[in-house]
Number of protein chains: 2
Amino acid sequence: MKDIDIDQRRKKVLCAIVDSYVETAMPVGSRTISQRFRRSVSPATVRNVMADLEEMQLIMHPHTSAGRMPTDRGYRFYVDSLLEPERLTKEEESVINKLLTRECRDFDSLMRASSRAISMITNVAGIVLTPRLKRSIFKHIEFISMDSSRVLTVLITNSGLVKNSVMDLEDEISRSELFRISEFLNHELEGISLGDIKDYLTRRLLEQCDSFYNFLKKAMLVISSPSLLRMDDRVYYEGTTSLMAYPEFKDIAKARLFLRFLEEGKDVLDLFNEDMEKEGIKVHIGKENSCKEIQECSIITSNYKIQHRTIGAVGAIGPTRMEYGKVISAVSYLSEMLGKVLEDIG
Amino acid sequence: MKDIDIDQRRKKVLCAIVDSYVETAMPVGSRTISQRFRRSVSPATVRNVMADLEEMQLIMHPHTSAGRMPTDRGYRFYVDSLLEPERLTKEEESVINKLLTRECRDFDSLMRASSRAISMITNVAGIVLTPRLKRSIFKHIEFISMDSSRVLTVLITNSGLVKNSVMDLEDEISRSELFRISEFLNHELEGISLGDIKDYLTRRLLEQCDSFYNFLKKAMLVISSPSLLRMDDRVYYEGTTSLMAYPEFKDIAKARLFLRFLEEGKDVLDLFNEDMEKEGIKVHIGKENSCKEIQECSIITSNYKIQHRTIGAVGAIGPTRMEYGKVISAVSYLSEMLGKVLEDIG
DNA sequence: AATAGCACTCTAAGTATTAGAGTGCTAATG
DNA sequence: CATTAGCACTCTAATACTTAGAGTGCTATT
């Protein structure tokens with residue numbers, strides 16, 4: 001190893017430190033690294049390299065006589081520059097495939113199966129956001145009379161999401177009118193994204209006059225029913241129990257704060273929504289996260305798409321000390337598969 | 001206190017031990033009890049009573065020089081004979097009411113709000129089972145064409161549960177036939193419980209002959225679509241994070257087993273299903289539970305009803321050391337309210 | 001530049017000590 | 001006779017003390 005570029009060696013050492021620390025959760029000593037390289041370098045040399053890496057703030061000391069562990073910056077460098085892309089094994093892929101196809105009948109199950117799939121393969125918590133209603137595309141609407149004053153609206157989107165909501169009509173609109181409205185909407189809104197519907201109808205409204213005007217207005221009233229297009233974006237997560245086995249969560253108070261953070265859901269939702277604007281795999285490491293509850297955690301996210309349109313996001317969360325390679329591949333693969341499954345059932 | 005029936009005193013002491021232990025989680029000494037009775041009895045006397053209670057296996061010693069704590073039998077006696085029924089405060093009731101009415105638009109939210117309501121008020125985990133499909137009553141069915149081969153079935157029950165499921169038709173049944181089938185079913189099945197539908201149709205089938213026979217057979221095929229009446233009974237639970245604050249869960253390994261137990265869900269479902277056959281509030285204390293993961297926990301369950309028919313169950317789970325009075329009232333009140341809310345939206 | 005050697009540091013695990021909370025028993029008391 | 005005071009005894013949990021060993025950083029050597 002003598003004639004290797006010094007920077008190359010630094011990289012290798014950092015890599016070894018990360019790998020070893022991820023595996024054992026113990027600060028890594030120079031002896032260990034030396035052995036990892038089959039003694040082709042002495043511990044003393046490794047110590048010198050380590051001193052350099054520490055100066056670069058890529059690794060740190062918990063105390064004088066302890067080994068080194070990666071800093072957030074260290075992980076960042078590892079993820080950006082050292083990690084070569086890997087694929088899940090055939091077995092792992094088939095676990096995901098089976099789970100998704102088995103549970104795809106019902107939307108709720110599919111979401112839960114997806115988050116469970118990630119957590120099973122990566123051993124960290126899996127997170128799945130339901131398809132954003134606003135990004136989904138209108139497919140069909142149908143009104144079903146429940147009793148004298150109430151109507152069940154069934155809205156079908158291209159993501160296979162069927163949204164039921166009950167409307168109180170109070171006799172403003174007759175049944176026959178409602179039937180005409182549904183015919184009109186089904187014809188008119190084909191292929192329009194739910195987020196654009198109101199704008200679209202408003203524009204139509206301005207173009208029209210007289211007799212059709214009132215009809216359109218009623219149609220608009222119906223489609224604007226608060227519960228119908230209301231965001232009920234939900235965060236599914238699973239696998240927190242596996243997380244509790246990590247030494248990082250041995251302090252139950254910390255574990256509790258973390259769980260509360262997930263249970264609360266708001267911040268998770270915001271984070272994922274923000275990430276959804278960007279393409280590809282996103283990685284947030286430790287202190288890079290603005291929420292203090294998860295500053296010792298890392299989050300990996302990815303979008304899933306239907307017909308090349310991003311409609312939702314999946315991800316994983318666990319301690320900063322995680323197997324980034326595997327988690328990234330799992331999140332990536334799942335996002336792809338979930339898109340496909342949704343496309344099939346949509 | 002001298003001239004009080006000796007049994008009466010034992011009861012009071014047991015009661016005091018339970019109350020104090022529930023509050024502090026520390027074994028209760030004779031001094032403490034004596035003070036609780038404003039020194040009307042001396043610690044020595046209390047010690048004698050305690051010795052009796054211990055002989056009856058209602059309380060125990062963790063070790064010689066520690067105070068007493070209730071045994072499972074002790075809690076059982078406390079719950080059955082000592083606890084007088086209490087009501088939630090107006091504030092607590094209004095917390096439940098607000099939560100349920102605010103989240104009642106959508107079924108999933110309602111279930112989650114219910115479990116959260118229990119956990120918020122009792123500080124233990126709240127559990128809610130979705131209305132059993134088989135116990136619900138048929139209200140309306142509608143078929144919506146999705147594409148050439150698939151049909152979305154929308155089944156509405158009296159519990160407001162709207163069940164969507166997709167059917168692959170493969171041209172066995174024409175659209176017009178399907179329409180006639182829905183009209184037939186809507187007319188015929190009014191008021192029949194979903195669990196009885198198959199039997200009912202089979203009976204009808206045997207009565208009929210010739211032309212109508214084939215029609216009935218197709219109707220039956222449709223209603224028997226595996227995903228339609230398939231049990232997808234689900235367990236909602238919330239409030240596990242509050243649970244983690246209890247000293248009982250300071251051992252993270254135990255906490256993990258417990259969480260896994262809930263996450264798994266199967267055993268919870270079985271337990272609640274079994275309890276559903278019985279009326280009123282059911283209490284399972286510690287070792288009375290057959291699942292070893294929860295033998296240091298107690299479970300309180302109650303049914304909820306629509307039109308006097310039991311269709312589901314709610315409950316709470318926490319450490320045996322819980323405020324039984326409050327938890328029982330909360331579960332009881334919630335089950336009542338949930339039934340009402342479901343009746344309203346059904 | 002790489003390595004061996006060595007003094008030095010710090011933790012974590014094990015051991016010892018001790019204060020005090022609480023008991024159970026016995027004898028005294030109204 | 002039920003109740004109580006007194007007292008010796010027990011056990012825990014907290015604190016302090018000790019020590020082995022893992023690992024470093026520096027210096028001298030190859």
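Quick caveat: nothing in here was measured; it's all calculated off a predicted structure.
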- Note on the structure: Under a 4.0 Å heavy-atom criterion, the protein footprint on nucleotides 13-30 of chain D, written with B, S and -, is ---------BBBB-----
- Report yes or no: does B:R321 contribute a side-chain atom to a donor-acceptor pair with the main-chain N or O of B:V22 at less than 3.5 Å? yes
- Could you tell me whether the phosphate oxygens of C:dT3, OP1 or OP2, come under 4.0 Å of any side-chain nitrogen or oxygen in A:S42? yes
- In whole angstroms, the gap separating C1' of D:dT3 from CZ of B:R39 amounts to 14 Å
- Are any side-chain N or O atoms of B:K282 and backbone N or O atoms of B:G280, one a donor and one an acceptor, separated by less than 3.5 Å? yes
- Identify, with sequence neighbours excluded, every residue that meets ring pair (Phe, Tyr, Trp, His ring centres under 6.0 Å) alongside B:F77. none
- Item | A:S119 versus A:G126, closest heavy-atom pair with distance | CB-N, 3.8 Å
- Query: Which atom names give the shortest non-hydrogen contact between B:A117 and B:L334, and what distance separates them?
  - Reply: CB-CD1, 4.2 Å
- Can you check the B:D7 CG to D:dA2 P distance for me, whole Å? 14 Å
- Take the protein atom CD1 of A:I33 and the nucleotide atom P of C:dA2, then report the distance between them rounded to whole Å. 17 Å
- Message: Checking the side chain of B:E264 only, and the main-chain atoms of B:F261 only, is there a donor and an acceptor separated by less than 3.5 Å?
- Response: no
